[in-house]
A.B. asks: 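One structure follows; several queries about it will come next.
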There are 2 protein chains.
Amino acid sequence: MARRSIRQPSSTDDLDARKATILEAVVREHIDTAQPVGSSAVAATSHLAVSSATVRSEMVTLEREGYLAQPHTSAGRVPTDKGYRYFVDHLQAGVVGEAQQQQIKDFFANVRGEVEDVLAQTSTLLSQLTSYTSVVVGTGHAQSAILSTQLVSLDARHQLLVTVFADGSVTKHSILSVFDVSHVEVAEASRQLNALLIGTVLDARVQVPSRNDHVATLVREAVATLHAQAPTLDGEQVFIGGSSKVAEAFDGVETVRQVLAILEQELLVVSLVQDILDQGLSVAIGSEHGFEPLVSCAVIVAPVTIDGHPSGAVGLLGPTRMKYSEAMAAARAVSAQLTQHFHGDDRA
Amino acid sequence: MARRSIRQPSSTDDLDARKATILEAVVREHIDTAQPVGSSAVAATSHLAVSSATVRSEMVTLEREGYLAQPHTSAGRVPTDKGYRYFVDHLQAGVVGEAQQQQIKDFFANVRGEVEDVLAQTSTLLSQLTSYTSVVVGTGHAQSAILSTQLVSLDARHQLLVTVFADGSVTKHSILSVFDVSHVEVAEASRQLNALLIGTVLDARVQVPSRNDHVATLVREAVATLHAQAPTLDGEQVFIGGSSKVAEAFDGVETVRQVLAILEQELLVVSLVQDILDQGLSVAIGSEHGFEPLVSCAVIVAPVTIDGHPSGAVGLLGPTRMKYSEAMAAARAVSAQLTQHFHGDDRA
DNA sequence: GTTAGCACTCGGTAGAATTGAGTGCTAACA
DNA sequence: TGTTAGCACTCAATTCTACCGAGTGCTAAC
């Protein structure tokens with residue numbers, strides 16, 4: 001688990017045992033109480049047999065090296081992002097509690113329905129388990145082969161193109177013709193589309209008919225419409241659970257507002273989660289993700305794979321002083337179950 | 001526009017001109033400032049040529065009759081739900097501003113994509129226009145006829161049932177067989193399903209084959225799965241925009257949390273909007289909707305119709321001291337545009 | 001290197017005093 | 001009879017003060 005932030009490769013990143021213990025005590029206490037932690041509290045709770053004075057002098061060092069900070073002169077210490085980072089990398093190790101383990105098991109034993117439903121409910125579950133806002137991202141079908149495609153006529157000018165992908169996802173696109181199209185023509189176009197597209201992926205080049213009759217025009221239109229969305233992130237699905245937890249986890253109305261505003265922009269959330277995954281991190285703390293409005297947040301992510309290849313992620317968003325151990329354990333457990341759930345028994 | 005609350009038919013509901021003017025001044029001022037309003041402020045802003053003492057004695061009456069309340073003895077007056085109700089029914093009349101009118105026009109001129117996308121974006125628009133959280137509800141396809149249905153094989157045991165409805169909506173349902181099914185059988189089942197279901201609505205009784213071969217079993221299974229969802233509200237779509245506005249509009253972290261928690265439960269939101277529509281109201285203020293956790297909220301709704309029959313609604317949720325005139329005007333304008341947008345030119 | 005001791009800092013709290021917006025009442029007035 | 005000026009009263013909010021105490025940094029002794 002010893003990972004290293006890409007954005008903070010500055011100092012040697014190693015602390016002697018006592019400093020580490022002190023840092024740990026400060027982080028634990030501060031996560032618990034949300035208050036600055038004083039030297040005597042550390043001397044008492046940590047099992048170091050040293051006096052508060054000793055702790056104090058160590059704290060001075062820890063502060064100089066950037067692991068701790070002081071809100072004001074005569075207050076205790078508070079962990080910095082770097083402090084949390086060290087804690088996460090070296091000190092914490094979480095397991096999911098009995099009850100929660102059971103809750104997860106029960107959930108996945110009983111859940112049914114389409115992928116979208118499962119993901120949405122999973123998001124709610126994860127949020128309930130941790131009391132943080134959860135994000136579940138499902139990768140789109142960009143690389144998934146087309147299993148079937150069908151053109152349905154709504155009326156003479158309106159057709160609906162329904163496409164089924166190998167991963168079980170379905171898209172629809174409406175097509176507006178500039179001329180009236182008969183049912184026979186729609187059926188024929190549908191047949192041709194199937195012939196053309198089945199087995200291909202969205203960004204594949206396809207030989208479309210160049211004739212100028214109704215059917216050919218319709219086919220060209222349909223293919224164009226379908227392919228038009230390929231380059232975008234379309235098909236990405238985001239499920240956010242427990243946004244009300246934002247109001248609990250952060251204080252300051254303005255912070256709450258900002259975080260909620262971010263969560264509203266789903267594309268932003270997807271790219272945030274992607275970024276973190278790409279960096280090979282499982283947690284991004286404070287400024288690490290480089291997302292200005294989220295400096296007071298920490299984001300935990302755990303990838304989900306289907307049949308071996310990455311196909312989504314589950315995430316948690318909380319304050320930097322979040323309960324990393326529990327939250328990371330929960331995220332990992334849920335992502336593992338999700339991976340397993342989509343492995344074989346229920347594909348779509 | 002003079003509507004009457006169903007839940008408050010108690011008193012005569014009529015005020016003489018001066019009381020009405022005073023009530024109006026109090027409501028307007030309090031909406032503006034969020035502060036209790038004093039008699040002198042009313043005497044100054046309203047164009048009544050009376051002294052504050054006179055206003056005071058009128059206020060005593062208004063308070064006794066339940067239109068105003070006093071937070072504490074030596075404070076100004078604040079409108080009660082009943083006060084807001086009178087204001088909404090008799091006193092306010094809003095028009096959408098030039099700029100906003102333009103923004104709505106531009107939006108509907110440029111918007112494209114599937115119904116879902118349009119509704120989602122509309123929700124964002126409405127929220128931006130008003131600075132309140134918006135809710136857009138799209139009625140399900142419960143009464144819509146089936147245009148086409150298709151069974152697609154994902155693998156030997158997994159099939160996907162894709163159904164297209166006359167309103168342009170598409171559903172998918174996965175079906176897990178207990179035996180391996182060949183492609184030929186799936187195609188045959190698909191053909192039979194089309195024959196059975198095209199033109200029917202979801203809650204129609206359908207004569208399913210009683211044989212026991214693979215195809216017949218598959219057909220029965222598919223019909224059962226499809227019909228299973230008919231009685232639920234499934235197919236209802238809810239799009240919530242601007243949930244971050246909750247943090248702006250309400251004060252008190254706890255209130256914010258509660259409102260957000262409600263918004264997370266989409267079914268609740270749908271039924272709330274439905275209730276209000278059913279009562280024939282366009283605004284529900286405070287306790288009027290009988291929803292305990294939302295006593296400090298007002299909800300504005302405006303129905304959307306497609307081809308004459310009701311098919312959804314747009315709504316706004318804000319504090320009881322919300323800007324009713326503007327918000328109601330905006331909701332009405334948007335619902336009108338939405339109605340028009342789905343009228344003919346772009347059906348799905 | 002560790003620790004006890006001590007002076008010092010400074011946010012938080014509690015209480016008292018003050019302010020001022022706003023009321024209700026009353027007596028006079030048109 | 002309705003309106004108003006005047007006035008005593010109320011009470012949240014603000015300001016000021018004193019003070020407490022948690023916590024620090026430093027130093028001298030162990």
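Values in this document were obtained by computation on a predicted structure and should not be read as measured data. Computation of the quantities below employed the complete heavy-atom set of this structure, encompassing side-chain atoms and omitting hydrogens, waters and symmetry-equivalent molecules. Labels below follow one simple rule: chain letters A, B, ... track the order of the sequence lines, proteins then strands, and each chain is numbered from 1.
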A.B. asks: Let's test your reading of the model: under 3.5 Å, does the base of dT9(C) pair with the side chain of Ser74(A) as donor and acceptor?
C.D. replies: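 A donor-acceptor contact between them is present.
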
A.B. asks: After noting the C-alpha distance and the side-chain angles of Asp89(A) and Arg85(A), does the key distance pass the salt bridge (charged side-chain N to carboxylate O under 4.0 Å, His left out) rule?
C.D. replies: CA-CA 6 Å; Asp89(A) 286 348; Arg85(A) 165 56 59 192; 3.1 Å; yes

A.B. asks: Please determine, for the side chain of Ser51(B), which listed nucleotide (dT3(C), dT4(D), dG24(C)) has the closest atom?
C.D. replies: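 Between dT3(C), dT4(D), dG24(C), the one nearest the side chain of Ser51(B) would be dT4(D).
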
A.B. asks: side-chain contact (heavy atoms from CB on, under 4.5 Å) between Ile240(B) and Thr133(B): does it pass, once the steps are laid out?
C.D. replies: CA-CA 7 Å; Ile240(B) 292 176; Thr133(B) 304; 4.0 Å; yes

A.B. asks: Can you name the closest pair of heavy atoms from Ser243(A) and Leu260(B) and give their distance?
C.D. replies: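 In this case the closest contact between Ser243(A) and Leu260(B) is O-CD1, 3.9 Å.
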
A.B. asks: Reckon Ser40(A) has a side-chain N or O less than 4.0 Å from the OP1 or OP2 of dG23(D)?
C.D. replies: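 So the side-chain polar atoms of Ser40(A) do come within 4.0 Å of the phosphate oxygens OP1 or OP2 of dG23(D), strictly under.
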
A.B. asks: With a non-hydrogen cut-off below 4.0 angstrom, is Ala49(A) in contact with a base, only sugar-phosphate, or nothing?
C.D. replies: sugar-phosphate

A.B. asks: Using whole Å, what does the distance between atom P of nucleotide dT2(C) and atom CG of Leu48(A) come to?
C.D. replies: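 Whole-Å distance recorded here is 11 Å.
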
A.B. asks: Thr73(B) or Arg56(B): which one's nearest nucleotide on DNA chain D is closer to the 5' end?
C.D. replies: Arg56(B)

A.B. asks: Look at the side chain of Tyr324(A) and the backbone N and O of Thr320(A), then say whether any donor-acceptor pair between them is shorter than 3.5 Å.
C.D. replies: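 Present.
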
A.B. asks: Could you tell me how far apart Met59(B) (CE) and dC25(C) (C1') are, to the nearest whole angstrom?
C.D. replies: 17 Å

A.B. asks: Write down the distance between CD (Glu58(B)) and P (dG2(D)), rounded to a whole number of angstrom.
C.D. replies: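 The distance from CD of Glu58(B) to P of dG2(D) comes to 10 Å, rounded to the nearest Å.
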
A.B. asks: Side chain of Val60(A): nearest nucleotide among dG25(D), dG24(C), dT3(C)?
C.D. replies: dG25(D)

A.B. asks: Roughly how many Å is it from CD in Gln70(A) to C1' in dC8(C), rounded to a whole number?
C.D. replies: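 It works out to 13 Å between those atoms.
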
A.B. asks: Touch check for Ser57(B), heavy atoms < 4.0 angstrom, all strands: base, sugar-phosphate only, or nothing?
C.D. replies: nothing

A.B. asks: What integer distance in Å separates Gln35(B):CD from dA12(D):C1'?
C.D. replies: 11 Å

A.B. asks: Does the ring of Tyr132(A) carry Lys245(A) above it, NZ/CZ under 6.0 angstrom from centre and within 45° of its axis?
C.D. replies: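 No.
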
A.B. asks: Categorize Ser52(A) for me: base, sugar-phosphate, or nothing, with a 4.0 angstrom heavy-atom threshold over every strand shown.
C.D. replies: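 Nothing: the residue Ser52(A), judged by heavy atoms under 4.0 Å, touches no strand.
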
A.B. asks: Could you please name the option among dG25(D), dT3(C), dA12(D) that lies closest to any side-chain atom of Val50(A)?
C.D. replies: dT3(C)

A.B. asks: Run the side-chain contact (heavy atoms from CB on, under 4.5 Å) test on Ile22(B) and Leu62(B) for me, step by step, so that the C-alpha distance in whole Å, both residues' side-chain angles and the decisive distance to 0.1 Å come before the verdict.
C.D. replies: CA-CA 9 Å; Ile22(B) 291 174; Leu62(B) 283 168; 4.0 Å; yes

A.B. asks: Could you provide the dot-bracket string of DNA chain D, using ( ) for intrastrand pairs, [ ] for crossing pairs and | for bases paired to another strand, with Watson-Crick or G-U pairs below 3.5 Å?
C.D. replies: ||||||||||||||||||||||||||||||

A.B. asks: With a 4.0 Å cut-off on heavy atoms, is Ser39(A) in touch with a base, just the backbone sugar-phosphate, or nothing at all?
C.D. replies: sugar-phosphate

A.B. asks: For dG2(D), take OP1 and OP2 only and decide whether either is under 4.0 Å from a side-chain N or O of Arg18(B).
C.D. replies: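 Looking at the OP1 and OP2 atoms of dG2(D), neither is under 4.0 Å from any side-chain N or O of Arg18(B).
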
A.B. asks: Nearest whole Å is fine: how far is dG24(C) C1' from Leu62(B) CG?
C.D. replies: 16 Å

A.B. asks: Without hydrogens or angle criteria, can the side chains of Ser123(B) and Ser134(B) be said to hold a donor-acceptor pair below 3.5 Å?
C.D. replies: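 Distance-only check passes for Ser123(B) and Ser134(B).
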
A.B. asks: For Ala41(B), give me all partners under side-chain contact (heavy atoms from CB on, under 4.5 Å), at least two apart in sequence or on another chain.
C.D. replies: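 Partners of Ala41(B) by the side-chain contact (heavy atoms from CB on, under 4.5 Å) criterion, ordered by chain and then number, come out as Val37(B).
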
A.B. asks: Can you tell me if Arg64(B) touches the phosphate of dG24(C), counting only side-chain N or O atoms and a distance under 4.0 Å to OP1 or OP2?
C.D. replies: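 False: Arg64(B) side-chain N/O out of range (4.0 Å or more) of dG24(C) OP1/OP2.
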
A.B. asks: Rounded to whole angstroms, how far apart are NE2 on His72(B) and C1' on dC11(D)?
C.D. replies: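 In whole Å, dC11(D) C1' lies 6 Å from His72(B) NE2.
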
